[in-house]
Amino acid sequence: MNHWLMKSEPDVFGIEHLKAAPNQTDHWDGVRNYQARNMMRDEMQIGDPVFFYHSNCAEPGIVGIMQVVKSGYVDHTAFDPDAQYYDPKSDPEKPRWYMVDVQYVRDLKRNITLKELKNHAETTLTDMPLVRKGNRLSIMPITEAQWHFILELE
DNA sequence: GCCAACGTTGGC
DNA sequence: GCCAACGTTGGC
């Protein structure tokens, strides 16, 4: 089992949206980055725990936990010309983009902010892309040690 | 295959 | 809203 962190802008799709979805489950569509795509397509497995991270907002940070409930499958929104993340280069015969389904598990007791996580960038979290400058990866693996360390901060 | 131009991400 | 960092595109 692997642990993960996934970023989303709360104004676009935040943890409140996931909580309000049917079955508190939704598909994580719109990822248009190959590294992130590969992780969803090849590595994320049902039952994997995932941190929900709010990006591009007043207080970026980890706000909750979800779990993978469906492993990688084709992101059909790439085929829809009216969809925001339409990609004409993704051919239904040879799909380029994939997604997973995630289900809400719980809110963290508080927002564990990026600022706070960065305090540990030179020690426990040194290998965590999130706390490194210029990182734009929207899905990243988290080691079990990092996962537990972060939860200890809660 | 190089690399400049361009678009996007995301913190601040 | 600014802008640094980064990924992608496309000309050559």
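Chain A is the first sequence line, chain B the second, and so forth, proteins listed ahead of strands; every chain is numbered from 1. Computed from a predicted model, the values in this text were never measured in an experiment.
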Can you see which heavy atom on A/L153 is nearest to which on A/R110, and at what distance?
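Shortest heavy-atom contact: O-NH2, 2.6 Å.
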When every nucleotide of nucleotides 3-9 of chain B is labelled 5' to 3' by its protein contacts under 4.0 Å (heavy atoms), B for base, S for sugar-phosphate only, - for none, what sequence of letters results?
----BBB
Not counting sequence neighbours, which residues clear ring-ring contact (aromatic ring centres under 6.0 Å, His included) with A/F51? List them please.
A/W147
Which residues pass the ring-ring contact (aromatic ring centres under 6.0 Å, His included) test with A/Y85, not counting sequence neighbours?
none
Report yes or no: do A/W28 and A/D101 form a side-chain donor-acceptor pair below 3.5 Å?
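There is no such pair between these side chains.
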Atom CD1 in A/I150, atom CD in A/E152: separation rounded to 0.5 Å?
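CD of A/E152 is found 11.0 Å from CD1 of A/I150.
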Assign each of A/R32 and A/K133 to its nearest nucleotide of DNA chain C by heavy atoms, then name whichever residue's nucleotide is nearer the 5' end.
A/K133
For A/K89, report the nucleic acid contact type (base, sugar-phosphate, nothing); a contact means any heavy atom under 4.0 Å.
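Since only primed, P, OP1 and OP2 atoms lie under 4.0 Å of A/K89, the category is sugar-phosphate.
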How about A/W4 and A/F52: are their ring centroids closer than 6.0 Å?
no
Separation of A/K115 atom NZ from B/dG11 atom P, in whole Å?
14 Å
Atom pair distance, as rounded to whole Å: CD in A/E116 and C1' in B/dG11
17 Å
